[in-house]
Chemist: 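Before anything else, here's the structure in question.
Residues take their numbers from the sequence shown, with the count starting at 1.
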Amino acid sequence: MVSSSPSERALTAALDGYERVIEVGIGRRPGVALALADRGREVVAVDVEMSDTARDAASETEGAGGGSLRTVTADVTALATADGGRAVGRALGFGAEASDIGDASDATGVDAVYARNLPAELQSPTVALAERLDAACLFTTLGFEEPVVDVRRRSAESGPVVYVAR
């Protein structure tokens, strides 16, 4: 599946080098996650309320060669502050891999945490989760909001801005 909007294409391109990624707040827009799964990436989509659209998108990737999309109902704020790496690994569905590991980055093997249209109130917890996982953190904002965390701007020519927090 091909991403449709400019921000989806920009975020997908920025994440192309990462193998295992987490999308925070997938909502009803699985375009970036599906595009990454189509490129052979392992994507875990996290949201406090998982939409039918995201679940349906995840079921489309089942059995496909290479990449995958899996949905997990969880709160990024709780993941960022959970006790121990095992708790984070289990919450993200990396249970077997996380069974004997205390460090969250070792428990999950996640390369990047990203979000599309990330609201200001979720930027700090998303960056904290990425730090905890020793992963890169990239996101776009709602457009009218500026990031409230330290970032570098990565933009395509006259295109949307992808913020890199780490």
Side-chain angles (χ1 to χ4, degrees), residues 1-76 79-80 82 85-99 101 103-118 122 125-141 154-156 159-166:
M1 177 177 282
V2 176
S3 299
S4 58
S5 75
S7 69
E8 285 181 345
R9 287 192 297 273
L11 198 49
T12 301
L15 290 162
D16 196 38
Y18 301 102
E19 294 298 321
R20 186 182 251 188
V21 298
I22 294 173
E23 178 167 345
V24 174
I26 191 168
R28 293 180 303 237
R29 303 166 314 214
V32 174
L34 284 173
L36 292 169
D38 284 348
R39 293 178 179 200
R41 307 306 185 263
E42 183 181 349
V43 183
V44 177
V46 175
D47 209 326
V48 292
E49 266 187 54
M50 196 55 64
S51 70
D52 289 340
T53 304
R55 283 193 186 98
D56 291 346
S59 69
E60 292 175 14
T61 66
E62 290 177 2
S68 64
L69 168 59
R70 187 166 45 85
T71 58
V72 173
T73 302
D75 182 343
V76 67
L79 292 172
R86 248 187 267 172
V88 175
R90 279 193 303 263
L92 294 172
F94 300 111
E97 298 171 47
S99 62
I101 301 171
D103 183 77
S105 63
D106 293 337
T108 63
V110 170
D111 301 312
V113 176
Y114 73 94
R116 183 170 167 245
N117 297 338
L118 187 64
L122 293 180
T126 300
V127 172
L129 177 61
E131 287 174 352
R132 185 161 202 191
L133 300 174
D134 194 25
C137 183
L138 297 87
F139 62 89
T140 62
T141 63
R154 177 182 170 163
S155 60
V161 176
V162 175
Y163 298 99
V164 180
R166 57 172 278 128

Chemist: Check whether any side-chain heavy atom of T12 lies under 4.5 Å from a side-chain heavy atom of R116, and answer yes or no.
Modeler: no

Chemist: Rounded at 0.5 Å granularity, tell me how far CG in L69 sits from CG in D56.
Modeler: 11.0 Å

Chemist: Give the minimum heavy-atom separation between V48 and T73, together with the two atoms involved.
Modeler: O-CG2, 3.3 Å

Chemist: Could you go through the side-chain contact (heavy atoms from CB on, under 4.5 Å) check for Y18 and L138 one step at a time?
Modeler: CA-CA 11 Å; Y18 301 102; L138 297 87; 4.2 Å; yes

Chemist: Testing the basics here: between R39 and A13, what is the closest heavy-atom pair and its distance to 0.1 Å?
Modeler: NH1-CA, 4.4 Å

Chemist: Please report the interatomic distance CG(L11) to CD(E23), rounded to the nearest 0.5 Å.
Modeler: 7.5 Å

Chemist: Quick check: does any side chain N or O of R28 sit under 3.5 Å from a backbone N or O of S51, one acting as donor and the other as acceptor?
Modeler: no

Chemist: Report yes if some heavy atom in the side chain of L133 is under 4.5 Å from a heavy atom in the side chain of I22; otherwise report no.
Modeler: yes

Chemist: Shortest non-hydrogen contact from M50 to A45?
Modeler: CE-O, 3.5 Å

Chemist: Side-chain contact, heavy-atom cut-off 4.5 Å: Y114 with L36?
Modeler: yes

Chemist: Taking D111 for the side chain and V21 for the main chain, is one N or O donor matched with an acceptor at less than 3.5 Å?
Modeler: no

Chemist: If every non-hydrogen atom of G40 is compared with every non-hydrogen atom of E19, which pair is closest and at what distance?
Modeler: O-OE1, 4.2 Å

Chemist: So does G27 get a backbone contact from the side chain of D47, meaning a donor-acceptor N/O pair under 3.5 Å?
Modeler: yes

Chemist: Taking all non-hydrogen atoms of both residues, which atom of V46 and which atom of A74 are closest, and how far apart?
Modeler: CG1-O, 3.4 Å

Chemist: I would like to know whether D134 and R166 meet side-chain contact (heavy atoms from CB on, under 4.5 Å); could you show each step before the answer?
Modeler: CA-CA 9 Å; D134 194 25; R166 57 172 278 128; 3.1 Å; yes

Chemist: Can you check whether N117's main-chain N or O pairs, donor with acceptor, with T140's side chain at less than 3.5 Å?
Modeler: yes

Chemist: Using a 3.5 Å distance criterion without hydrogens, assess whether the side chain of R29 forms a donor-acceptor pair with backbone atoms of E8.
Modeler: no

Chemist: Just so I know, are the side chains of F139 and V24 near enough to count as touching, which here means a heavy-atom distance under 4.5 Å?
Modeler: no

Chemist: Can you list everything that forms a salt bridge (charged side-chain N to carboxylate O under 4.0 Å, His left out) with R70? Sequence neighbours excluded, please.
Modeler: none

Chemist: Decide yes or no for R41 and D16: does some side-chain heavy atom of the first lie under 4.5 Å from some side-chain heavy atom of the second?
Modeler: yes

Chemist: For R132 versus A80, what's the shortest heavy-atom pair and its separation?
Modeler: NH1-O, 3.6 Å

Chemist: Rounded to the nearest 0.5 Å, what separates atom CG in L79 from atom OG1 in T126?
Modeler: 10.0 Å

